[in-house]
Amino acid sequence: DAGVIQSPRHEVTEMGQEVTLRCKPISGHDYLFWYRQTMMRGLELLIYFNNNVPIDDSGMPEDRFSAKMPNASFSTLKIQPSEPRDSAVYFCASSLLGPTDTQYFGPGTRLTVL
Amino acid sequence: AQSVAQPEDQVNVAEGNPLTVKCTYSVSGNPYLFWYVQYPNRGLQFLLKYITGDNLVKGSYGFEAEFNKSQTSFHLKKPSALVSDSALYFCAVWLTTDSWGKFQFGAGTQVVVTP
């Protein structure tokens, strides 16, 4: 298996633009997680899905952030409009059995909002 | 409040010496504890976890961790460090909440192993 795939690997955009980050989990994994990593706040869980259904989105910073999982092999994290403080590395991870099972992380998307 | 803490921002150790990375937790009930490692410009990789059972947990790359309930600690250890162990290490805990649960990471500890 290719592991968790994220695209793009790097994204540079201007404030106010819409940004869409993409994730393909490992085939057969029922859980998908979105994380954000910054120097100031460390690694934060934003939202996670079970069988394509959002389970806990309490970590989503504000309404500008939204995440979807239209099918078992694809998820998006969208920021609209983007702000400089959204600059971070965004990781997607997946697991087979749940949050306490081993999570496999993608390589991350480094987002820079100018 | 339920949480996990890594008291050291950085640990420096010479190659061949024992390595310890500290983690303490504050969780109601029985904790689920994890260690992950992050190499530069990479995603996190799972090392080991404690759910229940034996307090000494063995994981990947020769690492192990000891769950100590009385001291509320879950320190990561390796008997003989390698230069390639230089990375950022995260302790994490699964927090039970009223509704579902939440995965929380510590701030991370940078490990530097010198030749």
Side-chain angles (χ1 to χ4, degrees), chain A residues 1-10 21 23-26 29 31-51 53-60 88-112, chain B residues 1-10 23 25 27 29-53 57-61 63 67 74 87-110:
Chain A
D1 200 316
V4 175
I5 299 172
Q6 291 187 246
S7 64
R9 293 293 309 275
H10 302 273
L21 311 181
C23 175
K24 176 180 169 55
I26 292 173
H29 282 193
Y31 287 80
L32 183 140
F33 309 81
W34 281 102
Y35 291 89
R36 177 173 69 174
Q37 186 177 34
T38 62
M39 290 293 292
M40 290 294 294
R41 300 177 67 89
L43 197 62
E44 305 171 277
L45 175 62
L46 301 178
I47 184 172
Y48 72 95
F49 296 82
N50 177 26
N51 291 324
V53 177
I55 301 299
D56 183 358
D57 65 355
S58 60
M60 296 285 264
V89 181
Y90 292 82
F91 290 104
C92 176
S94 70
S95 72
L96 184 61
L97 299 175
T100 58
D101 193 17
T102 300
Q103 294 184 35
Y104 295 85
F105 283 73
T109 296
R110 182 174 295 277
L111 173 64
T112 303
Chain B
Q2 301 188 101
S3 67
V4 61
Q6 294 179 243
E8 300 160 315
D9 292 336
Q10 182 165 315
C23 173
Y25 65 90
V27 175
N30 295 319
Y32 298 137
L33 296 160
F34 307 79
W35 277 102
Y36 282 81
V37 60
Q38 184 179 27
Y39 297 99
N41 300 315
R42 303 279 297 274
L44 277 69
Q45 296 179 30
F46 172 80
L47 283 178
L48 51 81
K49 67 180 176 183
Y50 172 83
I51 302 296
T52 186
V57 180
K58 293 190 181 297
S60 307
Y61 312 121
F63 284 94
F67 172 67
F74 189 58
L88 187 57
Y89 290 79
F90 289 96
C91 182
V93 64
W94 173 250
L95 305 174
T96 54
T97 65
D98 292 337
S99 56
W100 192 259
K102 199 169 188 66
F103 207 78
Q104 184 176 92
F105 283 88
T109 298
Q110 184 70 48

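Letters go in sequence order (proteins before strands), and every chain restarts at 1.
- Using a 4.5 Å cut-off between heavy atoms, A/Y35 contacts chain B through its side chain alone, with no backbone atom that close.
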**OP:** Go through the steps to decide whether B/N41 and A/R110 satisfy the test side chain to side chain contact (heavy atoms under 4.5 Å, CB included), and finish with yes or no.
**Re:** CA-CA 9 Å; B/N41 300 315; A/R110 182 174 295 277; 4.0 Å; yes

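- Heavy-atom minimum distance, A/P99 versus B/W94: CB-CZ3, 3.2 Å.
- Atom-to-atom distance recorded for A/T100:OG1 and B/L33:CG is 11.5 Å, nearest 0.5 angstrom.
- Counting only residues at least two apart or on different chains, the salt bridge (charged side-chain N to carboxylate O under 4.0 Å, His left out) pairs with a member in residues 37-47 of chain A are A/R36-A/E44, A/R41-A/E44.
- Heavy atoms closer than 4.5 Å to chain A are found in the side chain of B/Q38, but not in its backbone.
- Scanning both residues, B/L88 and A/Q37, for their nearest heavy atoms gives CD2-NE2, 4.3 Å.
- Within 6.0 Å of OH on A/Y104 lie no more than 12 heavy atoms contributed by other residues, nucleotides or ligands.
- With a 4.5 Å cut-off on non-hydrogen atoms, A/Q6 does not touch chain B at all.
- For A/W34, the side-chain hydrogen bond (donor to acceptor under 3.5 Å, both in side chains) test picks out A/S75, with sequence neighbours left out.
- When each of B/F34, B/Y32, B/F90 is scored by its heavy-atom pairs under 4.5 Å with chain A, the top score falls to B/F34.
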